[in-house]
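This report concerns only the one structure given below.
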Amino acid sequence: DESALILNIPWNALTGNGLVIPTEAFRKYGGWDEKIRGYGGDDTEIIARMYFKGYTCWSIPSAILYHHFHRSSPSVNTNYVAKKIYGYTK
């Protein structure tokens with residue numbers, strides 16, 4: 001039996017590697033934020049958005065995935081994403 005964790009603050013713990021969002025929810029809530037450029041922040045933002053729209057975020061620690069390494073883009077998205085997440089909390 002595979003154990004899964006429900007996360008209370010998922011955007012601090014999950015990444016886009018292996019991220020699964022129901023297609024209907026992805027489309028309904030706008031998909032990826034096109035203002036986020038390069039690598040970094042897009043997964044954090046969409047996880048927070050889905051969470052504050054009422055979706056439960058699960059982590060399956062025993063899942064195995066493979067990720068093609070790439071260097072991160074400069075952290076130009078950090079402030080933008082932080083402001084977006086703060087806005088979701090209101």
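Note that this is a predicted model, so its numbers are computed, not measured. Counting from 1, the numbers follow the sequence of the chain as shown.
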Legend entry - Partners passing side-chain contact (heavy atoms from CB on, under 4.5 Å) against F26 (at least two apart in sequence or in another chain): I21, W32, I46
Legend entry - Nearest non-hydrogen partners of G41 and V81, listed with the distance: O-CG2, 3.7 Å
Legend entry - Shortest non-hydrogen contact from C57 toward Y51: SG-CB, 4.1 Å
Legend entry - Partner residues of Y55 under the ring pair (Phe, Tyr, Trp, His ring centres under 6.0 Å) criterion, sequence neighbours left out: none
Inset, instruction - Sorted by first residue and then second, give each salt bridge (charged side-chain N to carboxylate O under 4.0 Å, His left out) pair with at least one member in residues 15-34; sequence neighbours left out. - result: D33-K84
Inset, instruction - With sequence neighbours excluded, tell me which residues meet ring pair (Phe, Tyr, Trp, His ring centres under 6.0 Å) with F52. - result: W11
Legend entry - Sequence neighbours excluded, every pair satisfying salt bridge (charged side-chain N to carboxylate O under 4.0 Å, His left out) that has a member inside residues 44-53: E45-R49
Legend entry - N77 side-chain N/O to R37 backbone N/O, donor-acceptor pair under 3.5 Å: yes
Inset, instruction - Identify, with sequence neighbours excluded, every residue that meets side chain to side chain donor-acceptor pair (under 3.5 Å) alongside K90. - result: Y86
